[in-house]
> 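Take this structure first; my questions come after.
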Amino acid sequence: MPATQGLSLCDNVSRRKERTREVTALSKLIVHQIPGGWGLPSVGPFSLKLEAYLRIAGIPYEAVVDATPFKGPKGKLPWIEHEGKKIGDSGFIIEYLEQRFGCDPDAGLSADERAIALSMRRLIEENLYWTLVYDRWMVEENWPMTRNTVLGEIPALVRQVIAPIARRGVRRQLEAQGLGNHSREEIHAIGIRDIAAIADFLANKQYLMGETATEIDAVAYGMLANIMQVPLMSPIKDDALRRKNLVDYIARIQWRYFA
Ligand SMILES: N[C@@H](CCC(=O)N[C@@H](CS)C(=O)NCC(=O)O)C(=O)O
């Protein structure tokens with residue numbers, strides 16, 4: 001799926017960078033990601049983050065769905081192939097793309113704005129993410145839908161065998177991370193606090209760092225859309241949907257970059 005939207009951010013960079021991008025566009029960027037579903041291009045928050053980033057930065061790419069994360073260099077999705085290189089982890093991928101394509105959506109941020117954006121990213125990726133994992137994989141009512149969508153590209157018979165093994169692995173990850181040792185109510189309270197912090201920080205701005213979209217908006221969009229726009233039950237989702245600025249924010253990014 002070649003993406004050509006979102007070029008505006010790079011429209012004003014120097015002619016040299018334009019030329020660089022035209023040339024590098026010739027070598028195809030392949031993005032391996034978690035399958036789409038529930039109306040989203042990817043039901044993986046980090047895969048959707050990378051796709052949002054590529055659209056914000058205006059970098060053309062081709063998305064490929066991987067049924068499992070095992071082929072990637074870090075054993076996780078997303079990962080990319082570009083000019084003979086394989087790179088895993090959305091954060092490292094973005095660093096690579098910024099250097100290779102010479103286009104940084106955060107270029108206009110000051111050092112303290114970058115520090116704030118990084119703290120917000122850690123909140124979203126290192127804490128809120130695990131509440132999403134808990135709701136998808138551990139809440140009994142949600143499990144059948146998670147199994148059939150997140151693992152939906154695995155042939156049904158194989159999935160029957162793999163799904164319970166994968167679920168046990170995720171339970172161990174949740175316990176090792178620490179969140180999995182809390183009660184359901186405590187986990188939801190933790191997630192709701194993060195949602196409140198994002199909504200309060202966004203306040204009435206267009207994007208998290210101001211009037212233009214930056215990397216943190218890709219991070220937030222990938223996670224929030226995967227919480228707010230999926231047909232799973234969660235008090236965290238319910239809380240987020242009650243916050244009009246978050247609902248408008250997600251719609252704004254979708255309209256601007258995914259229409
Ligand atoms: N830090 C990584 C996290 C990626 C990640 O956790 N991906 C999940 C899907 S959302 C995954 O592939 N999980 C498979 C596993 O943990 O075995 C990034 O930013 O890309």
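For ligands, and for the atoms within them, numbers begin at 1 and follow the listed sequence.
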> Would you kindly check if the NZ (Lys) or CZ (Arg) of Arg167 is within the cone defined by 45 degrees around the ring axis of Trp143 and under 6.0 Å from the six-membered ring centre?
yes
> Using a 4.0 angstrom limit on heavy atoms, which residues are close to ligand 1?
Ile34, Pro45, Phe46, Pro69, Lys76, Leu77, Pro78, Asp89, Ser90, Tyr129, Gln173
> What donor-acceptor contacts under 3.5 angstrom involve side-chain atoms of residues 154-165, with partners at least two apart or in another chain?
unit_1	atom_1	unit_2	atom_2	d
Arg159	NE	Leu151	O	3.2
Arg159	NE	Ile154	O	3.2
Arg159	NH1	Asn148	OD1	3.2
Arg159	NH2	Ile154	O	3.2

> Is any side-chain heavy atom of Pro69 closer than 4.5 Å to a side-chain heavy atom of Trp79?
no
> Do the side chains of Glu81 and Lys28 get nearer than 4.5 Å, heavy atoms only?
no
> Would you say that Leu174 contacts Met138 through its side chain, given a criterion of any heavy-atom pair below 4.5 Å between the two side chains?
yes
> For the pair Lys237 (side chain) and Val230 (backbone), establish whether a donor and an acceptor sit closer than 3.5 Å, ignoring hydrogens and angles.
yes
